[in-house]
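Here's the structure we're looking at; comments come further down.
When a residue number appears, it is its place in the shown sequence, counting from 1.
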Amino acid sequence: MAIFSVYVVNKAGGLIYQLDNQNPRAETEKTFSYPLDFVLKVHDDRVLVSFGQRDNIRVGHSVLSINGIDVSGRYTADGKEVLEFLGNPSNYPLSIRFGRPRLSSNEKLMLASMFHSLFAIGSQLSPEPGSSGIEMLETDTFKLHCFQTLTGIKFMVLSDPRQAGIDALLRKIYELYSDYALKNPFYSLEMPIRCELFDQNLKSALEISEKAGTFGPSS
């Protein structure tokens, strides 16, 4: 089980904090011979597995590195086009690391703004007055949990669907935000959070939650 990411969104829908809790256990690196026994394709400028699964490599996983060289989009860090390189038998055997696709900074900003709008729409569509809005979105591979404070700040956690204790973790994150961001004399409301103590304590809270799902009742 794992917690993938934490986001904080201000009341205007702007992303003011993000933490990618990359979990090496969610990544798989294997040595392959030619030809590969699954199909790769480019989607949204990433090289993804489109067909075939093996050894924890799943459809939708992205190529993260080849022979230890990081991949960014369709190219390796040393300028090789990924599909062209992998299509050349003379380059084998080689090592490929696969994992969950990583969002760019622009994509994270766009998604934060999009969820902010969906949250507001959810509140308006509710048949019950005073609805809190969307608190959780669930898919077969992740859950997105949201906790909105009285001042309109949203704390969001992206996690493995089996991860317990997320409701309590969200309130713990709010507590850390109050202790280390709001009480920081150099911090301005609604602005990006840049506080080392907040970072350190948040990472510790995520580690505890991943291991035990503590801080309170399970979500």
- Note on the structure: Glu138 meets the side-chain contact (heavy atoms from CB on, under 4.5 Å) criterion, sequence neighbours left out, with Met136, Lys143
- Sequence neighbours excluded, the answer for ring-ring contact (aromatic ring centres under 6.0 Å, His included) partners of Tyr180 is none
- Task: Linking directly or through intermediates, with side-chain heavy atoms under 4.5 Å: list the remaining ILVMFWY members grouped with Ile121, chain and number order.
- Result: Leu125
- The side-chain contact (heavy atoms from CB on, under 4.5 Å) partners of Asn184 (sequence neighbours excluded) come to Phe186, Tyr187, Cys195
- Task: Report the residues that fulfil side chain to side chain donor-acceptor pair (under 3.5 Å) with Glu84, sequence neighbours left out, ordered by chain and then residue number.
- Result: none
- Message: If we check side-chain hydrogen bond (donor to acceptor under 3.5 Å, both in side chains) with Gln148, which of these qualifies: Glu135, Lys11, His116, Lys154?
- Response: Lys154
- Item | Residue list, ring-ring contact (aromatic ring centres under 6.0 Å, His included) with Phe119, at least two apart or on another chain | none
- Message: My understanding is that only residues two or more places apart in sequence, or in another chain, count here; which of them pass side-chain contact (heavy atoms from CB on, under 4.5 Å) with Leu36?
- Response: Phe32, Phe38, Leu40, Leu86, Tyr92, Ile96
- Task: Quick one: list whatever passes salt bridge (Lys or Arg N to Asp or Glu O under 4.0 Å) with Glu81, sequence neighbours left out.
- Result: none
- Please list, chain by chain and in numerical order, all residues satisfying side-chain contact (heavy atoms from CB on, under 4.5 Å) with Thr139, sequence neighbours excluded. Thr141, Phe142
- Task: Please list, chain by chain and in numerical order, all residues satisfying ring-ring contact (aromatic ring centres under 6.0 Å, His included) with Tyr177, sequence neighbours excluded.
- Result: Phe155
- Which pairs, with at least one residue in residues 66-79 and sequence neighbours excluded, count as a side chain to side chain donor-acceptor pair (under 3.5 Å)? Asp45-Arg74, Asp70-Arg97, Thr76-Asp78, Asp78-Lys80
- With sequence neighbours left out, the residues meeting salt bridge (Lys or Arg N to Asp or Glu O under 4.0 Å) with Arg54 are Asp37
